[in-house]
There are 2 protein chains.
Amino acid sequence: MNLANFVKTKRKSVKLTQPELAEKAGVGLRFIRELEQGKQSVRLDKVNQVLQLFGYQVGAVPQTSNQQS
Amino acid sequence: MNLANFVKTKRKSVKLTQPELAEKAGVGLRFIRELEQGKQSVRLDKVNQVLQLFGYQVGAVPQTSNQQS
DNA sequence: TATATTTGCACCCAAAAGGGTATAAAATGA
DNA sequence: TCATTTTATACCCTTTTGGGTGCAAATATA
């Protein structure tokens with residue numbers, strides 16, 4: 001589970017659309033879309049704005065890890 | 001342990017200076033410094049370039065977690 | 001004490017992010 | 001099937017990043 005799928009899965013689990021998530025997180029709609037599509041060069045602070053809605057944050061995880069899901 | 005301290009600690013554990021780490025990771029020295037100082041708006045791909053030297057990558061971790069160390 | 005390392009600050013600059021918007025495509029539901 | 005919702009892609013624009021560099025001060029380290 002990478003960050004992109006993590007966000008997508010979490011968003012769907014709380015029944016939010018991308019525009020709704022963007023609004024709640026205080027980021028742009030385009031950012032949510034690029035994030036869920038796996039864009040690598042996103043900004044860390046924006047990612048954290050999204051993750052904290054789900055009670056998560058960006059951290060270092062072992063490369064072999066499946067991260068949280 | 002936040003990302004900044006994680007990188008700093010890992011770097012010191014393998015006895016690298018900031019310039020050496022920057023060179024190995026393929027990022028600028030200024031980036032390493034800003035990362036270790038906790039700058040929030042860094043780019044995720046650059047963070048990953050650094051973390052993978054230590055066998056780690058960026059992932060979602062619970063907010064209450066101490067992340068990996 | 002010296003030496004090496006780290007930090008902080010300031011420039012300049014090219015490249016990219018991210019926001020907004022509009023349109024096209026895909027998915028979902030009646 | 002058709003209509004609606006959701007998602008994806010493209011274009012502008014402004015702001016910021018990140019790299020390079022230099023220098024001074026603070027902090028370790030031998």
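In the text below, chain A, chain B and the rest are named by the order of the sequence lines, each starting its count at 1.
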Output the rounded distance in Å from [atom1] ([X]) to [atom2] ([N]).
X: B/Leu35; N: C/dT6; atom1: CG; atom2: P; value: 14 Å
X: B/Arg30; N: C/dG8; atom1: CZ; atom2: C1'; value: 12 Å
X: B/Lys39; N: C/dC9; atom1: NZ; atom2: C1'; value: 13 Å
X: A/Glu34; N: D/dT9; atom1: CD; atom2: C1'; value: 10 Å
X: B/Phe31; N: D/dG20; atom1: CZ; atom2: P; value: 13 Å
X: A/Leu44; N: D/dT17; atom1: CG; atom2: P; value: 12 Å
X: B/Gln40; N: D/dT16; atom1: CD; atom2: P; value: 16 Å

More 5' along DNA chain C: A/Ile32 or B/Arg11, using each one's nearest nucleotide?
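That would be B/Arg11.
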In this structure, would B/Val14 and B/Leu29 fall into the same cluster of hydrophobic residues linked by side-chain contacts under 4.5 Å?
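No; B/Leu29 is not reachable from B/Val14 via cluster members.
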Say whether B/Leu53 and B/Val42 are linked into one hydrophobic cluster, either directly or through other cluster members, by side-chain heavy-atom distances under 4.5 angstrom.
yes
When you compare the side chain of [Y] with that of [X], does any pair of heavy atoms fall below 4.5 Å?
X: A/Leu44; Y: B/Leu3; result: yes
X: A/Lys46; Y: A/Val50; result: no
X: A/Thr9; Y: A/Phe54; result: no

Under 4.0 Å: is that the gap between some side-chain N or O of [X] and OP1 or OP2 of [N]?
X: A/Lys8; N: D/dT7; result: no
X: B/Ser41; N: D/dT17; result: yes
X: A/Gln37; N: D/dT9; result: yes

Among residues 12-29 of chain A, which ones have heavy-atom contacts with DNA chain C below 4.0 Å?
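A/Val27, A/Gly28, in order of number.
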Compare every heavy atom of A/Ala60 with every heavy atom of B/Phe6, then report the nearest pair and how far apart it is.
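Nearest pair, atom of B/Phe6 first, then A/Ala60: CE2-CB, 3.5 Å.
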Look at the side chain of B/Arg33 and decide which nucleotide, out of C/dG8, D/dT7, D/dG18, has an atom nearest to it.
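The listed nucleotide nearest to B/Arg33's side chain is C/dG8.
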Assess whether atom CD of B/Glu23 is packed by more than 12 heavy atoms of other residues, nucleotides or ligands within 6.0 Å.
no
So A/Arg43, base contact, sugar-phosphate only, or nothing? Heavy-atom distance under 4.0 Å.
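Answer is sugar-phosphate: A/Arg43 comes under 4.0 Å of backbone atoms only.
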